[in-house]
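One structure is given here, and the rest of the page talks about it.
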Amino acid sequence: MERWFNVGKIVNTHGIRGEVRVISKTDFADERYKVGNTLYLFREKHKEPLELTIASHRTHKNFNLLTFEGYHNVNDVEPFRDGILKINESQLTDLDEGEFYFHEIIGCIVYTDTGEEVGAIREILTPGANDVWVVKGPKGKDVLIPYIQHIVKDVDITNKKVIITPMEGLLD
């Protein structure tokens with residue numbers, strides 16, 4: 001069975017030349033949106049995904065703006081609105097040591113270096129300098145863990161386990 005990974009959602013068109021606005025859900029936007037790459041558009045009323053080849057990419061405010069080969073007019077891309085852009089598992093590339101795909105991190109259980117369970121990673125935020133892992137804490141409160149070497153000591157993807165050394169106040 002094919003596995004698909006969410007890259008982003010088309011939320012609107014932009015201008016009249018077939019550009020679409022995408023809210024990204026990918027960990028490697030520059031790689032995913034490289035000109036010539038293929039993305040697959042999943043739409044609610046269509047059984048099969050539509051294969052799209054990226055013709056251009058630029059950023060504007062918090063959006064990635066894309067055009068696709070063969071779609072040069074706003075009327076061509078209007079039906080793409082609310083569609084989800086995905087890649088196939090075969091399009092994933094090997095990462096350097098210490099780098100992980102979001103889907104590998106989400107669901108991992110976080111423990112302190114003293115063995116205390118903090119909770120499961122449920123989301124990853126990408127605010128700037130480093131990612132922030134959102135952990136559902138034992139009392140239902142979210143715990144925000146910056147992915148920095150000083151705090152995250154070990155990531156074991158195989159066993160879905162992360163060890164951290166919490167800084168003061170992190171788990172309060």
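Since the model is a prediction, treat every value here as computed from it, not as a measurement.
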(request) Determine the interplanar angle of the H60 and H14 rings, folded into 0 to 90°, and report it as parallel if under 30°, tilted if 30 to 60°, perpendicular if over 60°. (result) tilted
(request) Would you give the length of the straight line joining atom CD1 of I145 to atom CD1 of I164, rounded to the nearest 0.5 angstrom? (result) 4.0 Å
(request) Indicate yes or no: at least one non-hydrogen side-chain atom of F63 is less than 4.5 angstrom from one of V11. (result) yes
(message) For residues I87 and L50: do they belong to one hydrophobic cluster (side chain heavy atoms under 4.5 Å, members Ile, Leu, Val, Met, Phe, Trp, Tyr)?
(response) yes
(message) Let me check something: do Y111 and I106 share a hydrophobic cluster, defined by ILVMFWY side-chain heavy atoms less than 4.5 Å apart, either directly or through other members?
(response) no
(message) Is the distance from the ring center of F80 to that of Y71 below 6.0 Å?
(response) yes
(request) Compare every heavy atom of I109 with every heavy atom of A120, then report the nearest pair and how far apart it is. (result) CB-CD1, 3.7 Å
(request) Working to the nearest 0.5 Å, report the span between CD of E104 and OG1 of T158. (result) 9.0 Å
(message) If you compare all heavy atoms of R43 against all heavy atoms of G83, which two are closest, and at what distance to 0.1 Å?
(response) CG-CA, 4.3 Å
(request) Mind running side-chain contact (heavy atoms from CB on, under 4.5 Å) on L52 and L85 for me, showing each step along the way? (result) CA-CA 9 Å; L52 298 168; L85 295 169; 4.2 Å; yes
(request) Please name all residues satisfying salt bridge (charged side-chain N to carboxylate O under 4.0 Å, His left out) with R122, sequence neighbours left out, ordered by chain then number. (result) D142
(request) Identify the heavy atoms of P166 and D113 that sit nearest to each other, and give their distance. (result) CD-OD1, 4.3 Å
(request) For side-chain contact (heavy atoms from CB on, under 4.5 Å), just list the numbers for V134 and L144, CA-CA rounded to whole Å, side-chain angles, deciding distance to a tenth of an Å, and then say yes or no. (result) CA-CA 5 Å; V134 181; L144 303 178; 3.7 Å; yes
(message) Using only atom types and a distance under 3.5 Å, with no angle test, would you say the side chain of T67 pairs donor to acceptor with the backbone of G18?
(response) no
(request) For the pair R81 and E78, find out whether any cationic side-chain nitrogen is under 4.0 Å from an anionic carboxylate oxygen. (result) yes
(request) May I ask whether V135 and F102 are part of the same hydrophobic cluster, defined by side-chain heavy atoms of I, L, V, M, F, W, Y residues being less than 4.5 angstrom apart, directly or through others? (result) yes
(request) Group every Ile, Leu, Val, Met, Phe, Trp and Tyr by side-chain heavy-atom contacts under 4.5 Å, then state whether F42 and L66 land in the same group. (result) no
(message) Would you compute the distance between atom CG of D131 and atom CG of L125 and round it to the nearest 0.5 angstrom?
(response) 8.5 Å
(message) Which residue is it: R32, R21, H57? I am looking for the one with a side chain to side chain donor-acceptor pair (under 3.5 Å) to N64.
(response) H57
(request) Compare every heavy atom of D76 with every heavy atom of G70, then report the nearest pair and how far apart it is. (result) O-OD2, 4.4 Å
(request) Report yes or no: do V152 and I157 belong to one cluster of Ile/Leu/Val/Met/Phe/Trp/Tyr joined by side chain heavy-atom distances under 4.5 Å? (result) yes
(request) Can you measure from CG (D82) to NZ (K9) and round to the nearest 0.5 angstrom? (result) 4.5 Å
(request) Determine yes or no for a side-chain-to-main-chain donor-acceptor pair under 3.5 angstrom, with Q91 supplying the side chain and T38 the backbone. (result) yes
(request) Provide the closest heavy-atom pair for I151 versus P146 in the form atom of the first, atom of the second, distance. (result) CD1-CG, 3.5 Å
(request) Rounded to the nearest 0.5 Å, what's the gap from CZ on R17 to CG on L65? Could you check? (result) 14.0 Å
(message) With salt bridge (Lys or Arg N to Asp or Glu O under 4.0 Å) as the rule and sequence neighbours excluded, what pairs involving residues 152-163 come up?
(response) none
(request) Please indicate whether Q149 has more than 12 foreign heavy atoms, meaning atoms of other residues, nucleotides or ligands, lying under 6.0 Å from its CD. (result) no
(message) Just verifying a value: how many Å separate S56 OG and Y33 OH, rounded to the nearest 0.5 Å?
(response) 13.0 Å
(message) Can you give me the closest heavy-atom contact between F68 and I10, atom names plus distance?
(response) CE1-CD1, 4.5 Å
(message) I want to check something: taking the side chain as every heavy atom from C-beta on, are C108 and W133 in contact at a cut-off of under 4.5 Å?
(response) no
(message) Any heavy-atom pair between the side chains of V7 and Y40 that's under 4.5 Å?
(response) no
